[in-house]
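Everything on this sheet refers to the single structure shown next.
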Amino acid sequence: MSSIYQAESIEAKWQQRWQEDGIDEAHESADDERPRYYCLVMFPYPSGQLHMGHVRNYCLGDAVARYKRMQGHNVLHPIGWDAFGLPAENAAIQHKQPPAAWTDNNIAQMRGQLKGLGFSYDWSREIATCKPDYYRWEQWMFLRLMEKGLAYRAKAEVNWCEPCHTVLANEQVVDGCCWRCDTSVIRRELSQWFIRITDYAEELLQDLDQLDGWPDRVRDMQRNWIGRSTGAEVRFPLADSDGYIDIFTTRPDTLMGVTYMAVAAAHPLARQAAENNPALAEFIEVCSDVSTKEADMAQMEKKGMALGIDAIHPMTGERVPVWAANFVLMNYGTGAVMSVPAHDERDFDFAQGYGLPIKQVIQPADAEWDMSNGAFTDAGLLINSGDFNGLGSDEAKTAIINHLQAHDAGSERVQYRLRDWLVSRQRYWGAPIPVIHCPDCGVVPVPDADLPVVLPEYLQPTGGASPLVDCEAFMNVDCPRCGQAAKREADTFDTFMESSWYMNRYTCNQHQDAMLDADAMRRWAPVDQYIGGVEHAVLHLLYARFYHKLMRDAGLFSEEDGGKEPFRHLMTQGMVLLDGAKMSKSKGNTVDPQLIIDRYGADTARLFTLFAAPPEKDLEWNDAGVEGSYRFLGRVWRLMARGEDGVTGKDDADACRTMRRIIHQSIARVTHAFEHGFAFNVAIAALMELSNHLQSFTATGKQGQAVLREGLEALVCMLAPFVPHIACECGQRIGMETMAVLAPWPSVDAQALEESEITLVVQFNGKKRGDVRVAKDADQDQVMAKVHQDEELTRWLDGMQIAKIILVGGRLINNVVRPQGFGCAYYSPCYY
RNA sequence: GCCGGAGUGGUGAAAUGGGUAGACACGCUGGAUUCAAAAUCCAGUGGCCUCACGGCCGUGCCGGUUCGACUCCGGCCUCCGGUACCA
């Protein structure tokens, strides 16, 4: 046994041993009575190399999975590859090699890196989403969604990214730019495939309330994204024709203050009016050109132009002019608004700019409002509103909606910000959308029997349009309905489709008969602990929740078996930073995990990422810190030699008792970290302290050796979830019977925690002035007797009288003192 | 604007059913070991005052509650994240 810690040989040895013994596989057998636990980390895109973000994510997951195993759980801890996506196409262009080969290579490379880090994955569950036996079920599901009308094709104004040469879903537009390449997206009108996530908006919103294992931050982000608002839909008939304008408002109480209407430039009424109005046509043209980035729109000057038509106010029957305005969005609500300048800042600005009338209908409950101050946007009391005068805003909303409903002019309405999920992409390296375009039959779904629609893997992308379009072998097909020559859909699915259901496929990755195996879902789903980056808060994490519900509603599992939600607990880890900035290839500020592994070993890399910061916070990379983690492992390694000392000297009963107390306090602290909030940085600090104490433990008699051994074993076991290789090697070295990673988690001996004598802090007026040793359950008089024996402490009583004494059991005693003769003295015992 | 979260030493951070502020580490300083270095080990390390004993101050700012506040309450400031002409 080497006296020097040599990570490389230790790690290779144990990785091989774990693999041979198959200790990381999840057990399906019904005989296995252990409670099941499903620990999942966000699977990686196979870019070719792990980055530090991956390493951090997987170190956290592995610590949880290993801890749960040691606690006696049957753990499912799978890994796979989110293998479709644009980088493969770009790499293919660069290397003149089809994306499939590049992707397979990368997977092999990264699989080797993950194994080299010693993560305890059940490799028999590995999936790659680019394989037909995976994506065929996605195609199958899409056909079910088409049958239900939940998947549909529609012409709409969509986000287009020119460099990526494809459309994007709303969730994939970040600050007006493409989430992947950061280029400004432009708006284009195209026919695309959508999935009706808006049908599930209410359930997705409601169920957030029960996700108490999720960070509030993520839940709030999803609530914001879904953006529910309640109000009314109101119909304004046109004055001189048969048409009407429907609007949505959250303030029906201000209805009597409407002085004009505003519609989006792209609204049908605006376009119609523009036919005979060149100036208006030009205005509409300008609006559609400008409004690329939503962020810019907020800065834009409010501009508009009258359409030259009037609408009829549904309450008063008055005529109100209709304007086209650049601040009204065609794709929110109905693309038209009622304008109440007195009570909406935006409408107020617009009305002032164009000299439109302002009519106040709400006033503060206890004051007048001066309209020269601008719009009054708070709730208040109704005025100038006929029968509704004197009502409060809330009552008025109900009353006005009731009135509208009675006159068939409007109704209560809930509006969501969430829009349907655009799932088609003009890309090659993705799952083909299983539909066929027939000149006569139109869009025809591919029959189930013809699934999967296999993506030809040999094509060479060029960077522009997808090579699928020109691939006749793929494109040309007979219409399944009428048999004549037809074309396949050349678009592929958004890659978020694959990552929306992989968590459930892991439970039954070999299942050939269906998308999911209901029995396997009953055994494993939902995921107990999910771990990944917060950047997916409204992307993957929203889609996966939605898709889980779609799968439930397709009858693939019952809510009882698979859960209403796919992820019970969620941990979102912080980013890995270098010099304060997120590590990224484009910025060139990366640290290659492989270099750290090569230099210090996997255990050092694992330890540092867990110790340097609490999981949810950003982690600043620090080479000196890595060095420190390596040194700690060296100290642990050398500490183990003490287990071989044998009985060399005398025992010290007090030292042994103290040492045992520290051992069991450490067990309590580390266990607490796993059970509450995963503060691994603190857990590891506790292990460092334990290690330090064991090193300086001096009792070398028979009892001392037994205590030392107990401490060493506890240390080895508790290190195992974090640094499994060195833990196993140390365990073997000190002669533990079971491999450290298979050992039962140490339990706390409550008796060992008890102390007969404790140190109590002594305060005067809340300030610490010293401490005394007293019996564990000493009462106030006994403590004070000790205090009076201590010269250092009694001098704080010189010339003072004690007004009050507070004894906090086990912690401190506080003497409230004041100068003698100051006020009236009293002495009241006070026990907390 | 609205909704979250966070502000603690030179650095990463501990400590919140109110109870010793700065655990654990990094860095730095000094020492031991060494021909020398690396490695290792020991000691010190919030600021200010003091030869020292010791004292005073100190958790973004201002106030409050309390015997006692990083922790609770009220009012601000700054930073980060989300969202937004959303009607």
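First the proteins, then the strands, lettered A, B, ... as listed; each starts at 1.
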**Request:** May I ask you to decide if the ring planes of Phe236(A) and His313(A) are parallel, tilted or perpendicular, using 30° and 60° as cut-offs?
**Result:**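 Geometry flag for His313(A) against Phe236(A): perpendicular rings.
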
Tell me which nucleotide, if any, is Watson-Crick or G-U wobble paired with [N] when both distances must be under 3.5 Å.
N	result
C72(B)	G64(B)
A38(B)	none
A6(B)	U78(B)
A15(B)	none

**Asked** According to a strict under-4.0 Å criterion, is Lys767(A) in side-chain N/O contact with OP1 or OP2 of C57(B)?
**Response**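 For C57(B), OP1/OP2 do have a side-chain N/O of Lys767(A) under 4.0 Å.
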
**Short side-chain N/O contact to C86(B) OP1/OP2 from Arg346(A), under 4.0 Å** =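 So the side-chain polar atoms of Arg346(A) do come within 4.0 Å of the phosphate oxygens OP1 or OP2 of C86(B), strictly under.
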
**Asked** Which comes earlier along RNA chain B counting from the 5' end, the contact point of Ser629(A) or that of Gln222(A), where each point is its nearest nucleotide?
**Response**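 It is Ser629(A) whose nearest nucleotide is closer to the 5' end.
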
**Message:** On RNA chain B, compare the nucleotides closest to Arg811(A) and Thr249(A); which residue's is nearer the 5' end?
**Reply:**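 Of the two residues, Arg811(A) wins.
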
Taking the six-membered ring for Trp, are [X] and [Y] ring centroids under 6.0 Å apart?
X	Y	result
Phe496(A)	Trp421(A)	no
Phe680(A)	Phe674(A)	yes
Phe350(A)	Tyr260(A)	yes

Check the distance between [N]'s [atom2] and [X]'s [atom1] and give it to me in whole angstrom.
X	N	atom1	atom2	value
Asn681(A)	A15(B)	CG	C1'	12 Å
Asn622(A)	C28(B)	CG	P	11 Å
Asp246(A)	A87(B)	CG	P	17 Å
Met575(A)	C80(B)	CE	C1'	9 Å
Asp349(A)	C85(B)	CG	P	15 Å
Arg228(A)	A84(B)	CZ	P	19 Å
Asn224(A)	G4(B)	CG	C1'	8 Å

Shortest side-chain distance from [X], nucleotide among [options]:
X	options	result
Trp796(A)	A25(B), G55(B), A87(B)	G55(B)
Thr250(A)	G27(B), U20(B), A87(B)	A87(B)
Ala624(A)	U20(B), G55(B), G27(B)	G27(B)
Arg769(A)	G55(B), U83(B), A25(B)	G55(B)
Val761(A)	G54(B), U20(B), A87(B)	U20(B)

**Prompt:** What is the nucleic acid contact for Asp216(A), judged by heavy atoms within less than 4.0 Å: base, sugar-phosphate only, or nothing?
**Reply:**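 Contact class for Asp216(A): none.
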
**Request:** Based on the glycosidic angle (syn within 90° of 0, else anti), state the conformation of G30(B).
**Result:**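 Anti.
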
**Prompt:** Is there a side-chain hydrogen bond (donor to acceptor under 3.5 Å, both in side chains) between Arg773(A) and Thr759(A) once you walk through the steps?
**Reply:** CA-CA 5 Å; Arg773(A) 291 288 290 176; Thr759(A) 302; 2.8 Å; yes

